[in-house]
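Basis for what follows: all heavy atoms, side chains included, without hydrogens, waters or symmetry-related copies.
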Amino acid sequence: MRIELTNWLSARQRDFVLTLPELRRDRYYLIRTLLKQRVYWGEFDLDDDGVPERIVMIGFGGSIKQGGDCGQAQCQTMILKLHLHGWTLISEIQASRDSLRALPESDRGWHRLHAGPGRIYSRGEFGYEPPRGDVRANAEFMQKIADLEAASSAISRTASPGTHVPTTNRLTAAQRNFIRTAPAHQSSRREYNEALLKRQVYWAEFDLDGDGVAERFVILEFTGMCGSIGCATTIFRLGPKGWESAGDIGAEHDSLWILPEIDNGWHRINTGTVFYRFPCGYMDDEVIDSNREEGREPCGDD
């Protein structure tokens with residue numbers, strides 16, 4: 001029987017995932033993954049005791065590069081059972097969202113799990129394990145875990161989220177006029193004007209390049225302008241001809257941090273969902289790295 005998984009988590013489910021002690025050291029990357037809707041939730045009574053176990057699948061690290069949404073990729077999957085003292089992790093397996101099924105046959109009172117092509121987990125003494133006689137399955141399982149840990153370590157580039165940047169939606173007349181007249185906002189002027197009336201535009205300032213003049217952040221939290229990595233945000237810098245765009249990123253007014261690391265003379269940015277660098281205007285780390293892997297310039301050529 002297929003185990004249905006969803007990436008549309010309720011507030012209660014998100015809180016449950018964020019408070020899992022096993023994921024505490026990856027909290028900031030976990031928040032990023034949740035906002036990108038790469039965390040999946042499912043429930044299934046694997047031991048037929050009347051209380052469904054909880055299944056949490058996370059598109060961490062290498063899983064993202066191999067497919068992003070865990071549809072075909074093998075992603076870290078946690079199985080939790082309710083005991084007298086609360087929910088407890090009983091197993092971690094590698095599974096794909098499209099292939100995870102509970103098989104009708106049981107092992108030690110638990111349904112066996114089909115987690116992908118040629119990957120069937122049986123209930124062992126301490127939790128779900130690949131068949132002991134399947135040397136290849138065990139080797140692949142250990143390699144997936146090693147790749148997952150290496151990728152997660154590489155992406156968690158800092159133990160701190162950075163310096164939090166305060167924002168405000170109580171704008172002065174000068175700030176409102178700046179937003180209304182900025183050339184970078186010309187194509188979305190109607191949205192900005194309506195959002196200003198509803199106080200859905202946020203303003204922040206931070207000196208990103210250390211020149212003594214703070215850059216300006218304008219965050220538009222308006223219907224249709226927000227997605228899985230945040231809301232439309234323009235960063236302005238003061239150039240020879242006046243204020244100009246230094247890049248467009250996705251952010252939210254309460255999720256904006258500046259990292260101490262410098263890239264091309266500019267601080268990197270952490271929005272809780274994406275890390276941004278400044279190779280030629282602020283861009284998503286993953287976009288830059290993808291271009292480099294494909295032999296293109298970091299800024300892209302398309």
Side-chain angles (χ1 to χ4, degrees), residues 1-24 26-83 86-104 110-117 119-121 123 127-128 144-145 148 151-152 155 221 223-231 250 252 254-255 271-274 286:
M1 181 180 296
R2 180 172 177 175
I3 298 176
E4 297 296 333
L5 298 164
T6 179
N7 59 348
W8 293 95
L9 275 62
S10 66
R12 177 185 62 83
Q13 291 167 342
R14 288 195 299 271
D15 287 344
F16 180 88
V17 174
L18 286 169
T19 55
L20 287 172
E22 293 81 8
L23 299 175
R24 187 172 298 145
D26 293 315
R27 179 175 174 81
Y28 295 111
Y29 186 56
L30 178 60
I31 292 172
R32 171 186 177 184
T33 309
L34 273 167
L35 290 173
K36 283 194 170 185
Q37 294 184 310
R38 288 173 172 165
V39 176
Y40 295 84
W41 177 284
E43 297 184 6
F44 193 94
D45 191 357
L46 294 166
D47 57 354
D48 294 324
D49 66 349
V51 179
E53 278 60 53
R54 294 180 175 179
I55 299 164
V56 178
M57 181 179 290
I58 306 171
F60 265 165
S63 299
I64 292 176
K65 291 188 177 180
Q66 294 168 21
D69 64 353
C70 300
Q72 298 298 326
Q74 295 287 317
C75 290
Q76 176 184 0
T77 303
M78 307 173 70
I79 302 172
L80 301 107
K81 177 175 175 58
L82 183 61
H83 291 294
W87 289 94
T88 304
L89 177 69
I90 59 169
S91 291
E92 279 194 52
I93 67 173
Q94 295 290 304
S96 63
R97 175 173 53 88
D98 294 344
S99 302
L100 189 59
R101 289 173 171 78
L103 302 178
W110 289 69
H111 288 279
R112 299 175 70 206
L113 290 174
H114 177 274
R119 185 178 297 277
I120 295 178
Y121 287 89
R123 176 70 179 177
Y128 278 102
K144 290 288 185 184
I145 291 178
L148 181 69
S152 179
I155 292 176
E221 295 191 356
T223 304
M225 304 302 287
C226 297
S228 61
I229 62 170
C231 300
E252 295 181 4
D254 57 352
S255 303
T271 65
T273 59
V274 177
E286 292 182 10

Which pair of non-hydrogen atoms, one from [X] and one from [Y], has the smallest distance, and what is that distance?
| X | Y | result |
| --- | --- | --- |
| Asn7 | Tyr40 | CB-CE2, 3.5 Å |
| Cys75 | Met57 | CB-CG, 3.8 Å |
| Ala102 | Leu46 | CB-CD2, 4.3 Å |

Are [X] and [Y] packed together at the side-chain level, in the sense that at least one heavy-atom pair is separated by less than 4.5 angstrom?
| X | Y | result |
| --- | --- | --- |
| Phe44 | Glu4 | no |
| Ile79 | Leu89 | no |
| Trp87 | Arg54 | yes |
| Met78 | Ile58 | yes |
| Arg2 | Asp98 | yes |
| Val56 | Val39 | yes |
| Leu9 | Val17 | yes |

Donor on one side chain, acceptor on other, Glu92 and Gln76, under 3.5 Å: yes
Do His114 side-chain atoms and Ser99 backbone N/O form a donor-acceptor pair below 3.5 Å? yes
Tell me, please, which residues at least two apart from [X] pass side chain to side chain donor-acceptor pair (under 3.5 Å).
| X | value |
| --- | --- |
| Asp15 | none |
| Glu252 | none |
| Glu43 | Trp41 |
| Thr77 | none |

Looking at Ile3, Leu103, Ile55, which one forms a side chain to side chain contact (heavy atoms under 4.5 Å, CB included) with Leu113? Ile3
Among all residues two or more places apart in sequence or in another chain, which pass the side-chain contact (heavy atoms from CB on, under 4.5 Å) test with Asp49? Asp45, Asp47, Val51, Glu53, Lys81
Using 0.5 Å steps for rounding, measure from the CH2 atom of Trp8 to the CD atom of Gln13. 13.0 Å
Working to the nearest 0.5 angstrom, can you tell me the gap between Ser10 OG and Phe16 CZ? 11.0 Å
